[in-house]
Amino acid sequence: MSKYTLLFRAAFGRAYIRVKGGNKEPSWVIWEVFLPLLMVSSVVYAYRMLGAPSEYIGFVVLGGAMVSFWFNVIWGMGATLYWEKETGNLEVFMVSPAPLEGLLLGMALGGMFNTLTRALSIVVMGVLLFGATFNITGLLPAFLVFMLTMVALYALGMSIASIFLMYSRSGWRAAELLQEPVMFLSGLYYPVSVLPALIQGVASIIPLTIGLDGIRLSLVMGYGIWELRHHIALLSAMIPVLMYLARRILHYMEVKAKREGRLTLRWM
Amino acid sequence: MLRRLYAVSWMSWLELSNWTRPIIFIAYIMIRPLFTLLLYAYIYIAFAATSGQMSPEAAFYMISGISFYNYIGSGIYGVAWVIHEEREHYRMLKYNYLAFPDLQLYLASRGAVHYIIGLILSIVTFPIGLSLVGYKLSLLKINLGLLVVNMILGYLWCTALGIIVAATSLFSAEYGPIISESMGGLLFLVGSVLFPAEQLPGWLHPIVNAIPMREWMELTRHALNVDYTINVNGMLLSQAMKTAVYLAVAYTFFKSMDKLVRMKGYLEATTEH
């Protein structure tokens, strides 16, 4: 079996488990739709208290939907290797001929599919509950920006997974620290343009910031592909860099973890 | 009993913090609330920047809510998460049960550290948030006595609520974390944290009235600035009565669930969740 066949078969196998397992229990509706909706609702009501224009509702709903992907990248992708180690599956993965990149690719594809259903549910609930309105003509550019964002985000997720592989409980804490700062920097509940210029510069290296801004501009403000060319170019430039980094970091951490005997070390 | 409480609280502190050096731990516990504060403060800033309208009252309302939610949010998480963590993550619940048979007291002691951390975070983030939205700190008129009383009441009802959640999670590995996270989110939504709970649709008002969070939050705001006018005696009485009910319900509910869970043998059950 060729190297690439093995990679894609491992990816398909891991994605299948993720999709099947992720939808087996209906609890995901509470965990991944109801909970984010509680936060989205609070912010919508806060904007209403302030008397903000109705466009803000669409901004908030899209932010609530897109942040699901970030949580999936951290916890569904990054933390999974840590969790597999805790439950003893990682040893099995390591001795099997399946490449680790294939397993991570499978996790990414499966996680992306599952999270897409959750994100769409949040958008639908946002429309039904709060009357959020979107510009249908912006669907095509939004889809393009969305796809580029996903590839960049999940490539970043692969790097985060390798940190978990090595640092376990400290990695877990580090991943927790990636939640709120990224939510703030990506402009989850407000346009990123209100942030100071320096912070905008830092925020622009996060794919979620660029992606969320592009999707909002197309779906709320009606921007076309040409007007979003800077977003598309930035995301397209990020993808090869993040993929290269993910591969290098993963390889480095894997070798280091093997050398230091951390692959079977639990509860640390 | 005090020695037991101290020992469990100390263990809770070590479990929270011994994975790293103290300075990194302090940075770790500060970063999330600070960025949460920034996240919500920028809702106000974004509105003020785009509309040109400033509302110091709204700024105070939002910042005090976000800052002091740390106390309740951290506390309920600290109490409710213990069952899941000890049974599923570290598989220690059965041993702790043997060493400290009163599980309710154990949960309350484990949570105490989280309340202290939550209170420190509230006190640190509050002035930072106010400065960020341009609210003058000199406008604050603090009623320290009321603030202390309110924090004690908050600890009592929130711990009772946490114990009810923990009792429920004794039966489920998968739903335990969901219930505790949902409870935190629910308190955030119905507790007048970011906006007055009266704005919520009518069908949510029974939940708003059943939970003492709104009274706690409004009393905290009044204690931080006495110019923020509310019916202090009415809210204090309402919160105290609800606290008493919560304590009684939590005690009875947990006792019966504890008995049932031992009969079913769930104390040792792990499901890899």
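Scope of the values below: all heavy atoms of this structure, side chains included, with no hydrogens, waters or symmetry mates. A note on names: the letters A, B, ... follow the listed sequences, proteins ahead of strands, and every chain is numbered from 1.
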Indicate yes or no: at least one non-hydrogen side-chain atom of [X] is less than 4.5 angstrom from one of [Y].
| X | Y | result |
| --- | --- | --- |
| Phe188(B) | Leu38(A) | no |
| Met62(B) | Leu50(A) | yes |
| Tyr45(A) | Leu194(B) | no |
| Ile31(B) | Pro181(A) | yes |

Determine whether more than 12 heavy atoms belonging to other residues, nucleotides or ligands lie under 6.0 Å from atom [atom1] of [X].
| X | atom1 | answer |
| --- | --- | --- |
| Phe60(B) | CZ | yes |
| Ile23(B) | CD1 | no |
| Leu128(A) | CG | yes |

Passing option when Tyr42(B) is tested against Leu195(A), Val192(A), Leu188(A) for side chain to side chain contact (heavy atoms under 4.5 Å, CB included): Leu195(A)
Are Phe47(B) and Tyr47(A) an aromatic pair, judged by ring center distance below 6.0 Å? no
[X] portion near chain A, given a 4.5 angstrom heavy-atom threshold:
| X | answer |
| --- | --- |
| Tyr44(B) | both |
| Thr36(B) | both |
| Pro33(B) | neither |

Test side chain to side chain contact (heavy atoms under 4.5 Å, CB included) on Tyr189(A) and Leu39(B); report intermediate values, then the result. CA-CA 8 Å; Tyr189(A) 297 134; Leu39(B) 182 69; 3.9 Å; yes
In this structure, CD of Gln179(A) is separated from CZ of Phe35(B) (nearest 0.5 Å) by 13.0 Å
Met39(A) versus chain B, the contacting section by heavy-atom distance below 4.5 Å: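 For Met39(A), the contact with chain B is made by the side chain alone.
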Distance-only side-chain donor-acceptor flag, Tyr190(A) / Thr50(B), under 3.5 Å: no
